[in-house]
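The structure appears below as structure tokens.
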Amino acid sequence: LISKDTPLISKDTPLISKDTPLISKDTPPISKDTPPIFKDTPSKDTHPISKDTPPISKDTPPILDTPQDHKDDQNTQAPPPTAQAPPIAPPPPDPPLQHGPKTRDEALEERKRKQFPGQRAWPTLEDCTQTPPPRHILFTSTWLSVSAKGANVKEYVDLKSDVGNVTNLPHCNANFEKSKRTLDYLAGMESPPLTEYKAERGLQEVLCKIDGTYRTLDDMATRIHRALTMNSTSWVVTNLAALYWRVVGQGPPAVQCLKNALHYGPDNMRDVAYVSLANVLYRTGYEQDAAVVMQLSLEASPTLVVNHFTMANVLAAQGYLREAAGFYESTLHYQPEFEPAAERLRIARCLVVMSKAQSERSSNHGNGTNATNTTNTTRGSSQP
């Protein structure tokens with residue numbers, strides 16, 4: 001509203017002359033009980049006060065011509081003069097996360113810090129250079145077990161009968177229309193994969209030892225296929241079928257089974273499919289869709305550790321390091337001993353610290369000055 005280079009009252013403006021005894025240093029301050037000066041009663045030595053001129057507040061010091069007139073106030077910093085400003089419109093809401101620029105991540109991390117107090121101190125540049133982090137945080141597979149939601153797999157899948165040497169694949173058929181419930185508005189739900197889907201072999205043991213007894217991958221595929229034949233609308237079986245397709249590296253059939261799980265599953269069990277779907281979407285090249293799905297999963301189960309950890313992995317792999325650090329922190333809030341989250345938190349913050357130091361060196365070099373030594377950053381600061 002008022003530029004710092006624009007004087008509020010020009011020296012040529014006779015609004016308050018230095019010869020006018022309207023306000024002198026010997027005059028007591030204007031009391032709140034003193035009636036205001038109206039525009040129709042001007043002084044003979046001054047111009048009338050315009051209706052656009054803001055009133056003199058009781059907290060505003062007198063405006064004087066020379067610094068000699070207020071020697072006693074040299075040690076007191078006067079508040080800036082107030083001006084009548086038009087109403088300020090409220091700021092627009094934050095854009096959805098999937099469209100948010102990387103400049104938003106610091107604000108999100110600040111909100112996470114307030115939500116989860118007692119967070120770990122940021123590492124110093126010296127800490128990070130002594131133990132250099134990897135240049136990137138690789139995406140890692142996650143899976144929310146149906147057992148964690150109270151479901152007994154043995155009630156849905158026959159794990160005792162002999163299946164022989166025949167292998168049947170657990171395909172899921174969609175017998176319903178597209179809907180918002182099955183997230184068909186996301187590009188990754190219908191479009192072909194943008195990247196090659198690599199088999200998630202790290203999940204093979206999870207599937208093959210679903211009840212503690214190890215079975216072959218083909219054996220589990222056949223058992224899940226038979227369970228789908230008996231009950232194709234079971235959210236438990238369709239989630240297990242999607243897990244099989246993730247293990248063998250087939251994105252489209254995994255998405256189809258997860259759509260079935262979302263369509264038929266109860267609302268309080270949808271996060272099982274959300275976590276798997278976010279993994280599949282990320283690995284098929286739809287990173288932003290993966291973040292959207294994890295937002296839904298966090299809304300469904302805000303205190304579930306795997307939701308926070310998966311969201312952190314999705315963000316970190318895209319380079320949103322501050323946002324990812326916030327979710328690694330919330331992961332540790334709910335499970336302090338979870339070492340993978342602690343290590344990834346250190347890596348994410350070290351990458352931020354080292355990137356900031358590099359930017360400062362480049363800026364100082366461009367200005368022809370020596371780079372400032374930033375290795376003495378105070379340990380325990382909230383952020384660099």
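Considering all non-hydrogen atoms of both residues, Ala291 and Met311 come closest at O-CE, 3.6 Å. Pro193 and Tyr286 make their closest contact through CA-CE1, 4.3 Å (heavy atoms, listed as atom of the first residue, atom of the second, distance). Contact detail for Ala325 and Ala348: the closest heavy-atom pair is CB-CB, 4.4 Å. Considering all non-hydrogen atoms of both residues, Leu281 and Thr284 come closest at O-OG1, 3.1 Å.
To the nearest 0.5 angstrom, Asp158 atom CG is 15.0 Å from Tyr156 atom OH. Note that CG of Leu321 and CG of Leu345 are 11.0 Å apart. Values are rounded to the nearest 0.5 Å. Within the model, atoms CG of Leu144 and CG of Asn307 stand 7.0 Å from one another, a figure rounded to the nearest 0.5 Å. Here OG1 of Thr310 is found 12.0 Å from CH2 of Trp143. Values are rounded to the nearest 0.5 Å.
A donor-acceptor pair under 3.5 Å links the side-chain atoms of Asn279 to the main chain of Val275, judged by distance alone. With hydrogens and angles ignored, the 3.5 Å screen pairs no side-chain donor or acceptor of Arg344 with any backbone N or O of Ala324. The closest donor-acceptor contact from the side chain of Gln318 to the backbone of Val314 lies under 3.5 Å. Panel note: side chain Trp245, backbone Val255; no donor-acceptor pair is recorded below 3.5 Å. Side-chain atoms of Thr182 come within 3.5 Å of backbone N or O of Ser179 as a donor-acceptor pair. With hydrogens and angles disregarded, a donor-acceptor distance shorter than 3.5 Å links the side chain of Thr222 to the backbone of Asp218. Of the possible polar contacts, one joining the Asn260 side chain to the Asn173 backbone as a donor-acceptor pair under 3.5 Å is found. At distances below 3.5 Å, at least one donor-acceptor pair connects side-chain atoms of Thr195 with backbone N or O atoms of Arg283. Side chain of Ser330 to backbone of Phe327: a donor-acceptor contact under 3.5 angstrom is found. With hydrogens and angles disregarded, no donor-acceptor distance shorter than 3.5 Å links the side chain of Arg246 to the backbone of Val280.
Taken together through direct or relayed side-chain contacts under 4.5 Å among Ile, Leu, Val, Met, Phe, Trp and Tyr, Val153 and Leu203 form part of one hydrophobic cluster. By the criterion of side-chain heavy atoms lying less than 4.5 angstrom apart, applied directly or through intervening Ile, Leu, Val, Met, Phe, Trp or Tyr residues, Tyr264 is not grouped with Ile224; the two fall into different hydrophobic clusters.
Proximity of Leu207 to Glu200: side-chain heavy atoms (C-beta onward) are nowhere separated by under 4.5 Å. Annotation: side chain of Leu351 is in contact with side chain of Ile347 (closest heavy-atom distance under 4.5 Å). Two residues are said to be in side-chain contact when any heavy atoms from C-beta on lie closer than 4.5 Å; Met189 and Leu277 meet this criterion. Under the 4.5 Å side-chain criterion, counting only non-hydrogen atoms from C-beta, Leu243 is not in contact with Ser276. At a threshold of 4.5 Å between non-hydrogen side-chain atoms, the residues His225 and Leu169 do not count as touching. Contact check for Val237 versus Asn231: no side-chain heavy atoms found under the 4.5 Å cut-off. At least one side-chain heavy atom of Val163 sits under 4.5 Å from a side-chain heavy atom of Arg226. Counting heavy atoms from C-beta outward, Leu159 and Ile210 have side chains that approach closer than 4.5 Å.
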>> Between Arg270 and Glu299, is the salt bridge (Lys or Arg N to Asp or Glu O under 4.0 Å) condition met? List the steps.
In response: CA-CA 11 Å; Arg270 291 163 63 83; Glu299 292 171 5; over 6 Å; no
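Contacts classified as disulfide (SG to SG under 2.5 Å) and involving residues 251-327 (residues at least two apart or in different chains) are given here: Cys172-Cys257.
Side-chain contact annotation: Asn313 with Thr140, donor-acceptor N/O pair under 3.5 Å absent.
Salt-bridge formation is detected for the pair Glu190/Lys259: a Lys NZ or Arg NE/NH1/NH2 atom is positioned less than 4.0 Å from an Asp or Glu carboxylate oxygen.
Ring-plane geometry between His263 and Phe176 is classed as parallel, the angle between the planes falling under 30 degrees on a 0 to 90 degree scale with a further cut at 60.
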